[in-house]
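Following: one structure in structure tokens, then a few remarks.
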Amino acid sequence: MSPVPTATPPLPQAIAGEERRLLKEGTLADVLGSLGAVAVVSFAEYAHASHGAIAAWACGMLLLLGLQLAFPRLLARATDRQFLSGYAALGVVIGLGWAACVVLVRPDDFSYEAFVVLALCVIFTAGSVFNAHHLRVLYGFQLAGLGSLALIYALRGGTINWSIAAGFAILMWTLIGYGRAFHRGFVRAIELGFENARLVDELTAKTQALEQANVAKTRFLASASHDLRQPLHAISLLIGLLGERARGLGVEDLVQRIDQSTEAMESLLNGILDISRLDAGVEHPQLAALSTRELLERIERQFAPQAAARGLRLRVRGSAGWVRSDRVLLTRMLDNLVANALRYTNRGGVLVGVRAHGDGLAFEVWDSGVGIAADQIDAVFQEFVQLHNPQRDRSLGLGLGLSIVKRTAELLGHPIELRSRPGRGSLFRLVVPCCAPPSAAEPPALDTQPTDQVAGLRVLVIDDEAPIRFALQGLLQAWGCDCLVARDGAEALAQLTESAFQPQAMLCDYRFERGTGVELVAQLREQLGADVPALIVTGDVTASQLIDIAASDLPVMHKPVSPAALRAWLGRAALAAQPV
């Protein structure tokens, strides 16, 4: 949860509070210094003034200094304004107390009088530093002390006394001016602190708003994706059923064009799914040693026809090497980078290469396309951003490829770099750590191609959408499967109880009015007493649901599911159902 901005007190209140704090913290040091000054003055005047007068003055100063030391505790519960007013009054009394010591000095002994005058100048100068945070305390202390001293010497008359009076007046003026300048800086520092606090509060509020907007965007995309996937999944299945029933009727080209239109929508939804999976943290990289030669050869096989169709040259260069990464995720990133380069290149070509870069190998994709301005480089990695496609031409992609690349690169820890010059082309560099070649041959991948061994397979279909149930039932029957359909778990359990149908595979949606597909599969397996192969077919892409499905270890396909992929999974289920 984001931090809640803290309330900031008004500026005058904050200044008063800071003045009070500084006065409290400096009181002990000021009192100790003043005690030393009282001792020095008393010792210097003891031999040249009345002992009783010196003792009375010293005792009076000790009482005032004791009051000053206890003052913060005596007014601990007072408001800041009351505390400062009291301290200003105390400053006036202490200033008068210091000025009173000159009355004790005999005027016929100028050397001792000069010493006392010098000591008082030092005392009031040091006091201005302590009192400068609060102007009322400063004015009271300086005007009462130095003002009284100037008046005393002016009234005595004579050149020397008038000179001393003028000196005290000048010192008072100077110290007050210094204190005022110091106080302005002090207030400005507090104002800057207020400004920083205000900016922090504004930044916090804006950050919270952005977080809420991001959550709302993710929620909207997930909801819209689910609602779109349901009918699109039914359309995809119906197209497959139409293709099965229309064989030899001369409409294969029409069915193919319809299928291509659905693929465009599927690419958008799959892009949203990829981003949702990355955001949800359910992508768990399976790191392995990968051959750069095989990766480059696959890119050349896949994209060379596309480049030739656009009149471009696709060149693949790079020495043989091995990198450590996730095959699926790395392949997806490279495919997006190459497809993006071809999409925005109108002349020349695209170069895909691999070369050493630090401790790793860098996959580099160079193009001679339109390029990207320097101030737009960060923007191209955001979702749905297409700088050179204002008409939103679907042939130029959907604006999700580079966002997926960046998020996947962060997941794998592969640094990605973009350099570009408008009108000259771009360079995307993806750095992948090197590794040693595998010591043994990798196990062969399972065959994921469709198989015809699905005839006779008993399949239980559970989906709350009637069009999807209709399409699946028709498609499965066209493939020769024995099919039982239900709209939810209760209906499926009831039909299995009433009939002798023993499913060999289950196709189950995830979201139901009661419970989830993961929970339903567990219930059905418990009732059947067998670990029947089950496939979750869902249109949900929210983080919590993706995490739940990933934790169940059930295979999942996200709507819309192509008939070929569905038939391939059923083929593997049929092989597993065959007796050994």
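A donor atom on one side chain and an acceptor atom on the other are found under 3.5 Å apart for Q302 and R298.
With values rounded to the nearest 0.5 angstrom, M333 atom CE is found 8.5 Å from D326 atom CG. Distance check: D367 CG to T345 OG1 gives 4.0 Å after rounding to the nearest 0.5 Å. If you take CG on L493 and CD on E498, they are separated by 11.0 Å, rounding to the nearest 0.5 Å. Expressed to the nearest 0.5 Å, how far CD of Q473 lies from SG of C481 amounts to 11.5 Å. Taking CG of L535 as the start and CG of L554 as the end, the distance is 9.0 Å to the nearest 0.5 Å. Summarising the geometry, atom CG belonging to L457 is positioned 11.0 Å from atom CH2 belonging to W479; distances are rounded to the nearest 0.5 Å.
Contact check for L472 versus V485: no side-chain heavy atoms found under the 4.5 Å cut-off. Annotation: side chain of D464 is not in contact with side chain of D488 (no heavy-atom distance under 4.5 Å). Under the 4.5 Å side-chain criterion, counting only non-hydrogen atoms from C-beta, L484 is in contact with Q495. Side-chain contact between P503 and L496 is present, with at least one heavy-atom pair separated by less than 4.5 Å. The shortest distance between side-chain heavy atoms of W366 and V350 does not fall below 4.5 Å. Looking only at side-chain heavy atoms (C-beta outward), Y344 and N340 come within less than 4.5 Å of each other. Between V352 and F303 there is no side-chain heavy-atom pair separated by less than 4.5 Å.
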What do the steps show when you test R567 against L570 for side-chain contact (heavy atoms from CB on, under 4.5 Å), and what is the final call? CA-CA 5 Å; R567 184 165 183 170; L570 290 173; 5.5 Å; no

List the steps, then state whether side-chain contact (heavy atoms from CB on, under 4.5 Å) holds for V537 with V556. CA-CA 6 Å; V537 183; V556 58; over 6 Å; no

Verdict with supporting geometry, V461 and V459, side-chain contact (heavy atoms from CB on, under 4.5 Å): CA-CA 6 Å; V461 175; V459 183; 4.1 Å; yes

Passes side-chain contact (heavy atoms from CB on, under 4.5 Å), W322 versus T292? Steps please. CA-CA 6 Å; W322 293 85; T292 59; over 6 Å; no

For D531 and R525: C-alpha separation, side-chain torsions, deciding distance, then whether salt bridge (Lys or Arg N to Asp or Glu O under 4.0 Å) applies. CA-CA 6 Å; D531 193 14; R525 284 176 171 177; 3.1 Å; yes

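Within a 6.0 Å radius of CD in E195, more than 12 heavy atoms belonging to other residues, nucleotides or ligands are found. Annotation for N196: atom CG counts as buried by contact number, over 12 foreign heavy atoms lying within 6.0 Å.
Qualifying side-chain hydrogen bond (donor to acceptor under 3.5 Å, both in side chains) partners for Q527, counting only residues two or more places apart in sequence or in other chains: T497.
In terms of heavy-atom proximity, A436 sits nearest to A289 at O-CB, 3.9 Å. Of all heavy-atom pairs spanning R317 and L351, the tightest one is CG-CD1, 3.8 Å. Shown here for A505 and V532, the closest heavy-atom pair between the two residues is N-CG1, 3.7 Å. Smallest separation of non-hydrogen atoms from V518 and S552: CG1-CB, 3.5 Å. For G349 against L312, the heavy-atom pair with the smallest separation is CA-CB, 4.3 Å. For P555 against W569, the heavy-atom pair with the smallest separation is CG-NE1, 3.9 Å.
Salt-bridge formation is not detected for the pair R458/D482: no Lys NZ or Arg NE/NH1/NH2 atom is positioned less than 4.0 Å from an Asp or Glu carboxylate oxygen.
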Distance-only donor-acceptor hits, side chain of residues 421-435, under 3.5 Å, sequence neighbours excluded:
unit_1: S426; atom_1: OG; unit_2: S420; atom_2: OG; d: 2.7
unit_1: R429; atom_1: NE; unit_2: E364; atom_2: OE2; d: 2.7
unit_1: R429; atom_1: NH1; unit_2: E417; atom_2: OE1; d: 2.9
unit_1: R429; atom_1: NH2; unit_2: E364; atom_2: OE2; d: 3.0

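Considering D509, V521, L524, L507 as possible partners of I462, the one that fulfils the side-chain contact (heavy atoms from CB on, under 4.5 Å) test is L524.
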